[in-house]
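Following: one structure in structure tokens, then a few remarks.
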Amino acid sequence: MISIKKIFHRNLNQIGIYFPYDNALQQKCKELGAKWSQTNKCWYIEYNKENYNALKLVFPEFEVLNDDNEPILKIEPDFKRNQEIAHIALPEVQSEIRHESESEHKIEKSEQKKTNKVVAFYEKEIGKYWVLKVPYSAEICSGLKQIKGVYWNKQYMAYMIYRHIAVKTKVEALLGMPNLLPNSFYHVEDTDNYSNGEIVLHPSVEDKRVFLVEIPNSSALIQQVKRLQGSRFSKNYNCYCLPAAPVMLMNLETMAQNSGMKLVNNLPERYLKKGYTPNIKRIKLESTYDKLQEETPVQAQVYVNALIDYLMAINYSANTLRSYVGAFLLFLRENNYPNPNDLSQEFIIRHLGKMMQRGLSAATAHTLVNALLFYYVNVLKRNGFELQLPRPKMEHKLPSVLTKAECMSIFANIQNPKHRLLLLLGYGAGLRLSEIVHLKWSDILFAEHKIHIKAGKGGKDRMVMLPYSIIEGLEAYRKLQNSVNDWVFEGQYKGEPYSTSSVQQIMRAAVEKAGLTKKASVHTLRHSFATHLLEDGTNLRYIQALLGHSNIKTTTIYTHLSEKKLLNVHSPLDTMQLELMKKALK
């Protein structure tokens, strides 16, 4: 069944066309010149007489909806041609069509422009934020960005509004839409507020590998449960699901004890099994898959799911899955979700050129090209077809590097021994952030003074040095932790690795305390490690192996960063000035 409704989109009145997913109906909409609106989840064409008449020819039968998505009238075949256009789903429309004079219609139209400057849609609530979708308007979008507590989220293609009364008031005043956002404000509750509450555990009927967790409606508690590995929210049960592993029960017991709540365990005996302990790779893939499904509209699911299935079948990482599918989805969205099999090579090249013209970075463009090549060659299986796409010229940016003195200053400004050991190990072995937090005690070979990095970037293993200077500190920390099988840097709860965001926060705080003006992250320590090795005369091939670079060209960038080598090179201006000074002295 096809339904139409008057909507306000792209600062204009439009006719919204609604129907369940149907490829044939989509093609008819495209023939009309209709476009897809991700905001309103419908196809739309401009609100005018010509488009309405064309709509009647293509779709002889349809119903008109009001704002509550309920049919209010049926457009009859003998619709009066002298009327400018049918009023589609206006709030004032009753069961009969009102005939207005031309002047009345103009007055109504001008009033609409005043009252409907922008149409904002409250989507949902995520953690500390409300999700708000607003059709693009330069004035409105600029105003939203200036409000503290509001930021644009590319993943949801929406604005994230901090759940605070002051932010709510400013946003609603800017949009001219009072009571748009709910009163579900976020605040960190004191433990006394839910000390009498209960955390209740139930077995899952559908999947024995998980159990259900009911918790009080507390933002602080929800955030703690969401941080547990493998945690996901079930809409069917309206509660959280956790892997049915003993370590998860221990974490919930710790949570209940810290908050003063009672833990009610309704799980059958032997329901929890160690074999159900969350697997990080599986969790990352499932999380990435769920997010991509949430971002993909109905009309693009066939194409996107074909790409996802192929990438997962050949064991690509969650990061590659996210980047390839994200780029491919961007390509489809920019072209109103066409069938990729119907697009010509010339069309794709022209599309890429337009995206670059709008300021798309070369790195993103390369990912887009790779994703398209992968889709056409592997998913569509075009035998003998080679998609020749132009490769945008990459910007060669030099990474930021710290001096040895600056590194020492950062380490000296960290008081917590665990935090200092985190960064010392990252710099001393040239590790990536993910490699630091996912390091296990079994990976550290104390006798050989080596660290075995397992499944690094690209799924590759490698051996790096274990700095002699931190062995004593590591062994002392190991005794305090009293564990040899878990993570070296365990998170807040047992069996959980340390959060990457927490490590980044540690680095930011240390850089600030050290008074450095350079922008430095945890990855900057890795760049500094490689540069300092080069300055000390280490062969570039050894540095390549330690960093885990597949191509030596990636490692050669550090030859441009070596401070000692730069100091040995003199500017011709200095040489010229020195010669002039010598002549003047003579």
Side-chain angles (χ1 to χ4, degrees), residues 148 151 188 223 227 397-441 443-444 446 449 451 453 456 464-483 486-493 496-536 538 543 546-547 557-558 560-567:
K148 187 176 180 181
Y151 75 93
V188 181
Q223 292 304 312
R227 282 199 296 266
K397 299 179 181 179
L398 294 178
S400 177
V401 171
L402 300 168
T403 64
K404 291 182 178 179
E406 288 171 335
C407 290
M408 291 300 295
S409 176
I410 289 173
F411 302 143
N413 280 281
I414 303 175
Q415 302 301 321
N416 188 306
K418 177 181 178 179
H419 296 170
R420 189 188 306 116
L421 197 58
L422 268 164
L423 299 188
L424 283 172
L425 196 57
Y427 167 75
L431 304 182
R432 298 180 178 93
L433 176 57
S434 60
E435 294 169 350
I436 297 173
V437 297
H438 291 128
L439 200 61
K440 292 189 175 182
W441 286 113
D443 301 332
I444 299 180
F446 286 95
H449 296 97
I451 301 175
I453 304 300
V464 299
M465 79 275 284
L466 173 62
Y468 290 94
S469 56
I470 64 171
I471 291 178
E472 186 177 346
L474 265 177
E475 290 179 335
Y477 173 68
R478 184 183 184 182
K479 290 179 182 177
L480 287 173
Q481 199 180 28
N482 193 26
S483 174
D486 296 327
W487 310 104
V488 175
F489 302 107
E490 200 166 48
Q492 182 180 5
Y493 299 106
E496 304 283 323
Y498 208 68
S499 166
T500 54
S501 59
S502 297
V503 181
Q504 291 168 336
Q505 180 58 38
I506 292 167
M507 182 67 182
R508 282 194 294 268
V511 170
E512 187 178 346
K513 285 184 180 179
L516 301 180
T517 56
K518 287 182 180 178
K519 288 186 178 180
S521 63
V522 178
H523 206 73
T524 307
L525 295 177
R526 176 175 159 89
H527 292 315
S528 305
F529 162 82
T531 306
H532 298 162
L533 281 180
L534 188 64
E535 290 177 349
D536 292 340
T538 307
I543 299 176
L546 291 170
L547 295 177
I557 190 174
Y558 297 107
H560 304 291
L561 302 174
S562 176
E563 185 181 3
K564 288 184 178 179
K565 293 184 182 294
L566 289 174
L567 290 174

Under a 4.5 Å cut-off applied to non-hydrogen side-chain atoms, are [X] and [Y] in contact?
| X | Y | answer |
| --- | --- | --- |
| Leu402 | Leu516 | yes |
| Leu525 | Met507 | yes |
| Ile436 | Leu425 | no |
| Leu546 | Thr538 | no |

With rounding to the nearest 0.5 Å, note down the distance linking [atom1] in [X] to [atom2] in [Y].
| X | Y | atom1 | atom2 | value |
| --- | --- | --- | --- | --- |
| Ile444 | Glu475 | CD1 | CD | 10.0 Å |
| Leu547 | Ile453 | CG | CD1 | 11.5 Å |
| His532 | Leu534 | NE2 | CG | 10.5 Å |
| Ser528 | Ile410 | OG | CD1 | 7.5 Å |
| Thr524 | Arg526 | OG1 | CZ | 12.0 Å |
| Arg227 | Ser502 | CZ | OG | 8.0 Å |

TODO: Please say whether more than 12 non-hydrogen atoms of neighbouring residues, nucleotides or ligands are located less than 6.0 Å from CD in Gln505.
DONE: yes
- [ ] Take the angle between the ring planes of His449 and Tyr468 and call it parallel below 30°, perpendicular above 60°, tilted in between.
- [x] tilted
Shortest non-hydrogen contact from [X] toward [Y]:
| X | Y | result |
| --- | --- | --- |
| Tyr427 | Phe529 | O-CD1, 3.1 Å |
| Pro497 | Val437 | CB-O, 3.5 Å |
| Tyr477 | Glu490 | OH-N, 4.4 Å |
| Ser434 | His438 | O-ND1, 3.0 Å |
| Ala510 | Ile414 | CB-CG1, 3.7 Å |
| Ala429 | Ile451 | CB-CD1, 4.2 Å |

Task: salt bridge (Lys or Arg N to Asp or Glu O under 4.0 Å) involving Lys513 - partner list, sequence neighbours excluded - done: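 If we apply the salt bridge (Lys or Arg N to Asp or Glu O under 4.0 Å) test to Lys513, skipping adjacent residues, there are no hits.
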Task: ring-ring contact (aromatic ring centres under 6.0 Å, His included) partners of residues 502-525, not counting sequence neighbours, each pair once - done: His523-His527
Task: With His419 via ring-ring contact (aromatic ring centres under 6.0 Å, His included) - residues at least two apart - done: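 His419: no ring-ring contact (aromatic ring centres under 6.0 Å, His included) contacts found.
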- [ ] List the steps, then state whether side-chain contact (heavy atoms from CB on, under 4.5 Å) holds for Leu474 with Trp441.
- [x] CA-CA 10 Å; Leu474 265 177; Trp441 286 113; 4.1 Å; yes
TODO: Can you spot which of Val511, Val522, Leu423 makes a side chain to side chain contact (heavy atoms under 4.5 Å, CB included) with Ile506?
DONE: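 Exactly one pass, corresponding to Leu423.
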